[in-house]
There are 2 protein chains.
Amino acid sequence: MRLSKRGEYGLRAMIALAEPAEKGSAPQMMQIKEIALREQISAKFLEQILLALKNNGLLHSKMGVGGGYYLARPAKEITLGQIFRVLDGPVAPIKCVSQMAYEPCGCPDEETCGLRLAMGDVRNAIADILDNTSLADVTKRQNAVRKKMGR
Amino acid sequence: MRLSKRGEYGLRAMIALAEPAEKGSAPQMMQIKEIALREQISAKFLEQILLALKNNGLLHSKMGVGGGYYLARPAKEITLGQIFRVLDGPVAPIKCVSQMAYEPCGCPDEETCGLRLAMGDVRNAIADILDNTSLADVTKRQNAVRKKMGR
DNA sequence: TATAAAGTCTATAGTACCAGTATACTTTCA
DNA sequence: TGAAAGTATACTGGTACTATAGACTTTATA
């Protein structure tokens, strides 16, 4: 049940982009290098990841001097599930319970397959969290913990 | 978030072994070939998987003529989580939230890392299902569905 | 007690995927 | 016009996954 490095770095980058530099400021733009440095990620690798996120409509970018990446929509409208699926594919642990990439698993009777029933529950539990947690939720929670710890 | 073939086959085999041949009969013993045929798995591959489950105390075996594998404990005392961990390792999507294989993920402040907080929720949701679903639960559910569909 | 049926164990092969690197290109701004 | 930035694609080394092979041990029974 692992999150790939690709997925991890992508999620970290998106969270970084969701943290407003100043309170109530415009959606912030950051450069690849900036994010890479801050999150300790290989810039070249991150480049590919951000590109994939852009091509799937989650990021926008500006080329040239003073360019960079920024969120395509407000942080509260982008969920972890959307990001995850772009970078790591379907959420389901087994294809026969996948919503976005269904494939039969070959058991004689899918309707009554016990493994399928159990893995369906797992899929739903994961999707429930990922699809109902937005980037805004994440940064809000971060700040709440920070405040609580007095930082 | 994928279940490996190893994990899938192992879970299928354990579920097969948990289905009593006759109502209220003794823990049933099945041979590798028998399970492999029924679940359409390569017998040699399944062999390794069952061996791993045996070496981790989830299965017992009997060698020689008329031998086979059988559950080491009653089906209601073996959870999907136990099987999963033997075959696919930790449940956590990222090491910094793993209970059984913790490792720092390298973010500057783990306590307030948003990704870690979210992935912690995911881990708990998965573990909650896997550790609270026994083989007996699975076969019971299978039978319930079968009955409902009139088979 | 010989034989065949069954599990045990270790090694290895092929493949796919992951993580990262390299390089050439295009766009934009000053 | 040149430097800063993103775009695009190819390549590579490593590792993990999915088996397959073969030699070995244990056990029942004829």
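Per chain, numbering begins at 1; letters A, B, ... match sequence-line order.
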Novice: If you go through the side-chain atoms of B/Lys44, does one of them form a donor-acceptor pair with the base of D/dG22 closer than 3.5 Å?
Specialist: yes

Novice: Compare side-chain N and O positions of B/Ser4 against OP1 and OP2 of D/dA16 and report whether any pair is under 4.0 Å apart.
Specialist: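 Negative; the distance criterion is not met.
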
Novice: Of the non-hydrogen atoms in A/Met119 and B/Leu11, which two are nearest, and what is the gap between them?
Specialist: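 Taking A/Met119 first and B/Leu11 second, the nearest heavy atoms are CE-CD1, 3.9 Å.
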
Novice: Mind checking the CD-CD1 spacing from A/Glu8 to A/Ile41? Nearest 0.5 Å is all I need.
Specialist: 7.5 Å

Novice: Let's see if you can work this out: which of C/dC29, D/dT7, D/dA19 has an atom nearest to the side-chain heavy atoms of A/Tyr69?
Specialist: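 When the side chain of A/Tyr69 is considered, D/dT7 is the closest of C/dC29, D/dT7, D/dA19.
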
Novice: Between D/dA5 atom P and A/Leu46 atom CG, what is the distance in whole Å?
Specialist: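 A/Leu46 atom CG is separated from D/dA5 atom P by 15 Å.
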
Novice: Does the pair A/Glu111 and B/Arg146 meet the rule for a side-chain contact (heavy atoms from CB on, under 4.5 Å), with working shown?
Specialist: CA-CA 8 Å; A/Glu111 296 298 313; B/Arg146 279 196 191 117; over 6 Å; no

Novice: Between A/Gly64 and A/Phe45, name the one whose nearest nucleotide on DNA chain C is closer to the 5' end.
Specialist: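 Final value for this comparison: A/Phe45.
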
Novice: Would you say A/Ser61 reaches D/dT7's phosphate, i.e. side-chain N/O to OP1/OP2 under 4.0 Å?
Specialist: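 True: A/Ser61 side-chain N/O within range (under 4.0 Å) of D/dT7 OP1/OP2.
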
Novice: Please report the shortest heavy-atom distance between A/Thr79 and A/Leu130, naming the atom on each side.
Specialist: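 Of all heavy-atom pairs spanning A/Thr79 and A/Leu130, the closest is CB-O, 3.6 Å.
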
Novice: What integer distance in Å separates B/Met63:CE from D/dC24:P?
Specialist: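 Result: 14 Å.
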
Novice: Using a cut-off of less than 4.0 Å, is there contact between a side-chain N or O of A/Lys33 and OP1 or OP2 of D/dA4?
Specialist: no

Novice: Quick one: the side chain of A/Glu34 and the base of D/dA5, do they pair up donor-acceptor inside 3.5 Å?
Specialist: no

Novice: Just wondering, do B/Arg73 and B/Leu58 contact through their side chains at under 4.5 Å, heavy atoms?
Specialist: yes

Novice: Roughly how many Å is it from CD1 in B/Ile32 to P in D/dT20, rounded to a whole number?
Specialist: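 Rounded to whole Å, this separation is 14 Å.
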
Novice: Separation of B/Ile49 atom CD1 from C/dC9 atom P, in whole Å?
Specialist: 16 Å

Novice: Atom CG of A/Leu59 to atom C1' of D/dT7: distance rounded to whole Å?
Specialist: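 That distance rounds to 14 Å.
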
Novice: When you match A/Gln48 and A/Val65 each to their closest nucleotide on DNA chain D, which lands nearer the 5' end?
Specialist: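 Final value for this comparison: A/Val65.
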
Novice: If you check the B/Lys54 side chain, which of C/dT8, D/dG6, D/dT18 turns out closest?
Specialist: C/dT8

Novice: Can you tell me which nucleotide in C/dA19, D/dG6, C/dT21 comes closest to the side chain of A/Arg6?
Specialist: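 That would be C/dA19.
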
Novice: Compare side-chain N and O positions of B/Tyr70 against OP1 and OP2 of C/dG7 and report whether any pair is under 4.0 Å apart.
Specialist: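 B/Tyr70 to C/dG7 OP1/OP2: no side-chain N or O under 4.0 Å.
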
Novice: B/Leu50 or A/Tyr9: which one's nearest nucleotide on DNA chain C is closer to the 5' end?
Specialist: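 By nearest-heavy-atom nucleotide position, the 5'-most residue is B/Leu50.
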
